[in-house]
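Take a look at the structure below.
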Amino acid sequence: MSVQKIEKNFITITIDGKECIGKNGDTILKIARANGIYIPTMCYLTKVEPIASCRMCVVEVDGIEGMILSCQEKAVEGAVVTTNSKELHNQRQNIMKLYNVNHPLECGVCDKSGECDLQNKTLEFNVSNQNFSIKESHKKVENWGYVSYDPALCIMCEKCVRVSNEITGNEALSVSVGGYKSKIVNIKNSNCSSLGESAAVCPVGALVNSDFKYSSNAWELKQVPASCMHCSSACSLNYEVKNDKIYRVTNNYEFSSLCGLGRFGFDFENKNAKKDPVVFREAISAFKRAKSIRFSAVITNEEALILQKLKEKYKYNLVCDEAYGYQRFLNAYSSISGASLYSGDLSSIKDSDGIIVFGTRVNDDNPMVKYHITMASKRKRARVAYFHPIEDSNLSNVITQFVKYEAGSEEGVVALLASVLLNNHKISDDLKSFLDNLDIGNLSAESSVGEEELDYLVKSIDKKQKLTFIVGSDLYNHPRTVQIAKILGAIEKYSDFSLVIVPPATNALGVSLICSLDEKTEGYTIGYNAIGDFELSSLGYGDMDMPALNQQEGTLTNIDKRVVPTNAALSYQGYVLNDISNELGFEAKYTIDYTSMLPVKAGYKTEDFDNLPDFFDNSGIEHRGYPLTSESVKVVENFDEIEDLPTYDGAIIYHCNENTNISVFSNVTTAFKSNEFYLRGSPQFANIVKIKDGDDIKFNINGIKYQRVFKIDEGMKGTIAINPIFDMDLNKNQNISYRFNHLHREQ
Amino acid sequence: MAHIEEHKETQSIQKEKQNYVMLDFGKTPEYGLPAFIQVVRRSLSIELLKGLGVTFREMINALFRGKMHTTKYPFEKLPIAPRYRAIHEMLRLLESGHYRCIGCGLCEKICISNCIAMETKYDENQRKEVSEYTINFGRCIFCGYCAEVCPELAIVHGGRYETASEQRAGFSLFEDMLTPIDKLKEQKEFAGFGSISSNADENIKKTPLAY
Ligand code: SF4
Ligand code: SF4
Ligand code: SF4
Ligand code: SF4
Ligand code: FES
């Protein structure tokens, strides 16, 4: 940035006599907060657009008549702001008096007591008695599944509504206006767990988690900062613990979000693990005997490093089904883009005004990506083009263009995209000749992506400032995955798009960077949360116990390419992987001693675990661990000819979990445990398969037998049915196969 | 319970006007001879018998007229002042008989020796239910903070002061401390530490009612 640009971008204002520097376009409140100046608010929530319903944030600005709402007023260069005066205080005190009119005197039982904004501000502004009242009406508590709503406590700040509209995109909540009878209504009768996100921001006890309600006072709980272990977003959260039990999960809701699974699916710990020296000796001899180690990507970076070191010493085959395809994909991508890591991240999705989603059922595969797309859509009015074989009704409110392609034709689709997106960009000769040789008409016909759809896409993102391309799990095990990755690498390299290659499992990115993986196991195999001859299990199912991710400390590498720390919330009495590796010739007192040894070549730093920061600062900047550095990689530009695209006719099964139950770990939590395995399909699917709603169906994919109950989903179209596999992935190597498969029924 | 009532009597006696009388013992002899004369005079008069007479009279009163002045502890106990802080009691609402405790957790929080442990939950009637409540009397120092902080006058100190036991740790459960439901009528309002002042009614400010 040039000096001039810096000057233009920043402004200086004076708040209470202090010179404050802020970004041009920032509100007064934002600048004040970033500079550590306190302005009381009731309705302000940093992560959504200003709501401006409470008027607590009033300030005076020299030269301007009256009071100004600092939460929505943009600061202008040189403004002189006063945040506190007699009048302002009176004004705020009056607001608090009104908030308190007929507010039930139930702090004694209220969940929010001790962390309630209404309590705090009532004391702060010294409202000691009630001077007015209003005729009270009976307001009934409503239960909305994971959350419950008590209108009597609600102060109508509208934060919950904004979150459901702007962040989760669930759009279930709305305000019913009626003076003192106003309340929040659940217009969709939604029971969705993402309502927990709305409950998290409620400043009072009106919207609370049903499972937590009345079970503990906030001040009795100890907060353990951690990272969510369910998916690759590894969101920042706090496990709130008392008596070695997690009572709830909270987060820094001003700046970050959690999906329903992260918020309510926290009790997956390995209970009752004990140290049994006999089993430990068996484990050691199993390791000495083993030829291979197979593990799941739900693992810390440190454990992955231990496994890699064991591999180097004992020449094991190291197999991680979830990460193998991803690693191959990432390498192929790097060979064209020249960078070891993709360029986009969640915040770049949020800031985009043009987004393409390709090869992932994003709402289910990674809810955080979906939240960020929603934010972009609501705030930047982003154009969102969703390329997928199955339409997703959960995304209908953010998608501006749905492009349906044939299952299996991803290579053709990405080539078509490259040809239109790289048009008019300076590209290498190799790439040019590859693109020129494409048989566009044929590709378009075979993939059923119309040329006019592509034209429309190009037109709609024309003049957009910030573009992001999101790709996901459909591609990593595609038969033509390498070629697809290369073309995507080219798109990122030569166009204005930044790319997000969504990791398919919690630490798939970390594993890909730390371990050199093998495709297949051979011989005697140790399974770590995976199938093997000797199984180490964090769920307590295997031959030897391992700690679950809420029982151990370490780091994860998340979708933001950030190394984030996580801490142990619950006690664990058994052995850990480090005990085994110590027995096998390594020496480390704790697993986290390996944090500083993570491979620098892959972009990690030699930072000790205890030095990793874990907080958001006042201006909302994330200080969690550290971002990986993207290393430069040797570029080899060569693209294969595109072969005939495979055709998938007839009934097709798509492996996809719902976003609340994405793995065996989520399937042990009280909130989401399920024994019902539904194959969901459209009426059309039912028709061609000749099956009715509620029928049992058995089928076989890649030698794995499935037994499901068929359920008609009226919202779905086409001949592809969705098959959840959260019950399978520790036992069967699911993640190594392409997600679309022909249906082969068994009788 | 009875001790509270008795104590009220004691209080009322104290409130009556006090009547002190100065006894006339005459002059105390200061040197040899007068002292000797006093001893001789006292020994030869019948003062000895007078004294014995008093003793005898009180013996008759105590044994035959029911005017005994010693308490036969442990069969009898003296009343305890309301401010005395012994084993806790959990009171009930007089109207409904429901326990008063709302599970706010303030007693647990304030307890200086960390001896109160409680669990609460969301019950079927959408109310907060106290599902566990124990006090470890091996740790309790009977400071009375819990009774003072309780917003519902639910936890109070009772008069059970005999806490000797064979073990250091002795727990008491909610049910043990709770007024037995059949004794509800006999439940007395606590007058000790943390209770409302006798002029509480005068101090209440009314909410303006618009309807
Ligand atoms: S919302 Fe706040 S002020 Fe209202 S009862 Fe609950 S803790 Fe008290
Ligand atoms: S439920 Fe909570 S967040 Fe929603 S409007 Fe009421 S007080 Fe605000
Ligand atoms: S009397 Fe004091 S030490 Fe005993 S339970 Fe109450 S607060 Fe705790
Ligand atoms: S302070 Fe009183 S109402 Fe609150 S939990 Fe203790 S006994 Fe119950
Ligand atoms: S914070 Fe500005 S109006 Fe509520």
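It should be emphasised that the depicted structure is a prediction, and the values quoted were computed from it without experimental measurement. In what follows, every heavy atom counts, from backbone to side chain, and hydrogens, waters and symmetry copies are set aside. In the text below, chain A, chain B and the rest are named by the order of the sequence lines, each starting its count at 1.
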Run the side-chain donor-acceptor check on residues 54-69 of chain B: report pairs under 3.5 Å with partners two or more places apart or on a different chain.
residue, atom, partner, partner atom, Å
B:T55, OG1, B:G51, O, 3.2
B:N61, OD1, B:R65, NH1, 2.8

side-chain contact (heavy atoms from CB on, under 4.5 Å) partner of B:I155, chosen from B:L106, B:I135, B:L91: B:I135
Please find out if less than 6.0 Å separates the ring center of B:F137 from that of B:H88. yes
Quick check: A:H89 with A:F125 (ring centres under 6.0 Å apart)?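 A:F125 vs A:H89: aromatic centres under 6.0 Å.
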Ring-face cation of A:K242 near A:Y247 (centre distance under 6.0 Å, axis angle within 45°):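 Pair A:K242/A:Y247 counts as cation-pi.
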Give a yes-or-no answer on whether the side chains of A:N100 and A:T122 include a donor-acceptor pair shorter than 3.5 Å. yes
Under a 4.5 Å heavy-atom cut-off, does chain B meet the side chain of A:S215, its backbone, both or neither?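 When you check distances to chain B, atoms from both the backbone and side chain of A:S215 fall under 4.5 Å.
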Given that the side chain runs from C-beta out, which part of A:S113 has a heavy atom under 4.5 Å from chain B: side chain, backbone, both or neither?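 Neither part.
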Sort out for me which of A:N129, A:D150, A:N217 touches chain B most, counting heavy-atom pairs under 4.5 Å.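 The candidate making the most pairs under 4.5 Å is A:N217.
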I'd like to know which of A:N243, A:N143, A:D211 tops the heavy-atom pair count under 4.5 Å against chain B. A:N143
Select one option (side chain, backbone, both, neither) describing which atoms of B:Q126 are under 4.5 Å from chain A's heavy atoms.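 Both backbone and side chain.
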Would you indicate whether the side-chain heavy atoms of B:K109 and A:E220 approach each other to under 4.5 Å? yes
Which residue pairs pass the ring pair (Phe, Tyr, Trp, His ring centres under 6.0 Å) test when at least one of the two sits in residues 92-111 of chain A, sequence neighbours left out?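 As it turns out, there is no ring pair (Phe, Tyr, Trp, His ring centres under 6.0 Å) pair with a partner in residues 92-111 of chain A once direct neighbours are skipped.
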Using a cut-off of under 4.5 Å on heavy-atom pairs, state which of B:E152, B:R127, B:E129 scores highest against chain A.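 Ranked by heavy-atom pairs under 4.5 Å with chain A, first place is B:R127.
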Salt bridge (Lys or Arg N to Asp or Glu O under 4.0 Å) involving A:E115 - partner list, sequence neighbours excluded: A:R248
Among residues 194-207 of chain A, which residues come closer than 4.5 Å to chain B, judged by heavy atom distances?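 Result: none.
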